[in-house]
Structures are given as C-alpha cells and as structure tokens.
Amino acid sequence: MASLQEKQEKLQRLYQLYEQPMYRIAYAILHHVEQSEDAVSDAFLKVIKNLNRIAEVDSPQTKQFMIQIIRNTAINQYRKNAKDAQRLVGMEDSILQIPNETNEVEQFLHSTEQKEITEQLLQGLSETDREILLLRCESELSFREIAQRLSLKESTVRKRFERAKKAAGKQEGGKQHAKKLFILE
C-alpha cells in the first residue's frame with residue numbers, strides 16, 4: 001500500500017500533467033470558464049477516490065481514465081445547467097404574473113380540470129403503467145431511476161412507457177392532453 005507521501009506525489013504529477021487538457025475538455029462541453037474550472041476540481045476529487053487504480057501517471061490507460069472522468073463530470077454539469085435553466089424559465093413566468101382573485105380562481109379551475117383529464121387518461125392503464133407515466137412525467141425521473149424503484153429492467157420501463165403513452169393518447173379526446181402531459185418525450 002502506498003504511503004501518504006507517495007499518494008500526494010502521484011496526485012501532484014497527475015495535476016501537473018492533466019489539469020490543462022482536462023480544462024480544455026470541460027470548456028469544450030460547458031463553454032463557461034468558472035464551470036469548467038469547477039468541473040476539473042470535481043473530477044480531481046473523483047480521481048483522489050480512485051487514486052489506487054492508477055499505476056503509472058503517464059500511461060495511456062491513465063490518460064483515458066482522466067479523459068473519461070472529466071468528460072462525464074462536465075456532461076453531468078451541462079445536464080444540470082439545462083434542468084436549472086428550465087426551472088428558472090418556469091419560475092420567471094410565475095413571478096411575472098400579477099396575482100388577482102380572478103386569475104387565481106381560473107388557475108385553480110384549470111388545474112382541477114387538468115387533474116381530472118389526467119386521471120381519465122390514466123384510468124385504462126395498469127397500476128404499473130400509471131406509476132411509470134407519473135414517475136417519468138410528473139417526478140421527472142430517468143428510466144433507470146424508475147426501473148430501480150419498481151424493480152424492473154430499464155428496457156422494460158422504456159417499452160411500457162411508450163405503450164402506456166400511446167394507449168393514453170388513443171382514448172377519446174385524450175390526444176391533445178396526452179401531448180401536454182408527456183411533454184418530456
């Protein structure tokens with residue numbers, strides 16, 4: 001087992017050798033200086049956890065490992081940025097609305113009507129298919145997360161989602177509402 005001193009030296013050599021290339025990869029994905037720097041820092045935290053997997057600092061395997069870590073870290077940050085931007089747009093819309101009693105009553109009636117229509121669309125589906133649709137569209141879970149939660153294969157969840165979506169859309173008057181409900185897809 002490597003001593004603390006050896007680990008520190010290995011990490012320092014890794015940083016000297018790969019910091020700039022990792023930054024360039026992160027910047028190519030994120031197009032933002034500060035976020036690219038953060039991605040490199042986060043990637044090195046992951047490297048520290050896996051330091052014992054690195055035999056030689058300048059080997060092709062290590063280079064590939066470092067590229068994979070920064071690429072995945074930057075892509076995750078990019079996806080998080082997209083979700084945050086989507087939430088901000090929704091928040092701006094609600095903040096900009098001027099509240100008044102008529103508007104609040106209309107919103108309540110509209111949301112109640114939407115819930116009733118959604119319940120009607122989901123009525124003809126099995127319990128599992130309803131749960132898959134709701135977890136995907138309302139909770140915005142990934143297929144992998146849904147599969148884990150329901151103890152199913154990810155491919156099964158994807159297929160059942162597609163079938164349930166089609167079945168809900170085929171119901172009378174359900175096509176337009178189904179499009180709104182399943183906007184994620």
Side-chain angles (χ1 to χ4, degrees), residues 7-8 10-97 114 118 129 131-166 168-169 177-185:
K7 288 181 180 180
Q8 287 175 340
K10 185 188 288 186
L11 184 61
Q12 189 173 14
R13 288 194 332 250
L14 285 168
Y15 187 81
Q16 289 170 345
L17 191 58
Y18 295 109
E19 184 263 338
Q20 283 302 311
M22 289 172 73
Y23 173 80
R24 287 192 292 274
I25 291 169
Y27 188 81
I29 294 168
L30 296 167
H31 303 291
H32 194 271
V33 173
E34 289 84 5
Q35 288 182 353
S36 299
E37 291 169 351
D38 289 345
V40 171
S41 295
D42 291 345
F44 269 100
L45 289 174
K46 293 174 185 172
V47 168
I48 290 170
K49 292 178 184 175
N50 294 291
L51 203 55
N52 59 342
R53 290 179 55 194
I54 300 171
E56 293 182 37
V57 173
D58 55 355
S59 72
Q61 293 85 3
T62 301
K63 181 178 180 181
Q64 189 61 37
F65 178 68
M66 300 297 281
I67 289 170
Q68 191 68 35
I69 286 179
I70 190 60
R71 193 176 136 268
N72 290 344
T73 303
I75 289 171
N76 287 342
Q77 180 63 41
Y78 181 84
R79 288 178 180 151
K80 183 181 178 294
N81 291 346
K83 280 185 180 179
D84 290 346
Q86 206 171 24
R87 284 189 195 111
L88 284 176
V89 168
M91 206 180 337
E92 288 171 359
D93 290 346
S94 64
I95 290 172
L96 292 176
Q97 285 183 343
Q114 293 287 76
T118 302
D129 289 348
E131 194 168 356
I132 289 171
L133 282 174
L134 293 173
L135 289 172
R136 179 74 177 151
C137 299
E138 286 184 355
S139 301
E140 297 182 5
L141 296 180
S142 70
F143 289 116
R144 178 177 288 151
E145 292 168 326
I146 296 168
Q148 289 172 346
R149 186 175 282 189
L150 300 179
S151 301
L152 296 170
K153 290 183 181 177
E154 186 176 343
S155 59
T156 302
V157 170
R158 285 181 189 276
K159 193 55 142 175
R160 288 186 80 156
F161 176 78
E162 289 302 319
R163 288 179 183 157
K165 189 168 73 166
K166 285 180 185 176
H177 186 72
K179 283 183 181 178
K180 290 179 190 174
L181 179 64
F182 311 125
I183 197 149
L184 288 174
E185 298 305 313

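Note that the structure is predicted; figures quoted are calculated from it, not measured.
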Do [X] and [Y] touch side chain to side chain, with heavy atoms closer than 4.5 Å?
| X | Y | result |
| --- | --- | --- |
| Q64 | Q61 | no |
| R136 | I146 | yes |
| I29 | I70 | no |
| L14 | L51 | yes |
| M66 | F44 | yes |

Distance, nearest 0.5 Å, that separates [atom1] of [X] from [atom2] of [Y]:
| X | Y | atom1 | atom2 | value |
| --- | --- | --- | --- | --- |
| D42 | N76 | CG | CG | 10.0 Å |
| E19 | R24 | CD | CZ | 9.0 Å |
| L152 | I132 | CG | CD1 | 6.0 Å |
| N72 | K46 | CG | NZ | 7.0 Å |
| Q68 | I25 | CD | CD1 | 10.0 Å |
| I48 | I54 | CD1 | CD1 | 10.0 Å |

In terms of heavy-atom contacts, Y27 and V33 come closest through CE1-N, 3.8 Å
Of all heavy-atom pairs linking R160 and D129, the shortest is NE-OD1, 2.7 Å
Crowded around [X] [atom1]? As in, over 12 foreign heavy atoms under 6.0 Å?
| X | atom1 | result |
| --- | --- | --- |
| Y78 | OH | no |
| Y15 | OH | no |
| K63 | NZ | no |

ask   = Any chance the side chains of D38 and Q77 put a donor and an acceptor closer than 3.5 Å?
value = no
_Can a donor-acceptor pair be found, under 3.5 Å and without considering hydrogens, that links the side chain of T73 to the backbone of A39?_
no
Worksheet item: Sub-3.5 Å donor-acceptor pair from the side chain of Y18 to the main-chain atoms of V57, do we have one?
Response: yes
Task: Pair E162 + R158: basic N to acidic O under 4.0 Å - done: no
For F143 and T156, what are the C-alpha separation, side-chain angles and deciding distance, and is it a side-chain contact (heavy atoms from CB on, under 4.5 Å)? CA-CA 9 Å; F143 289 116; T156 302; over 6 Å; no
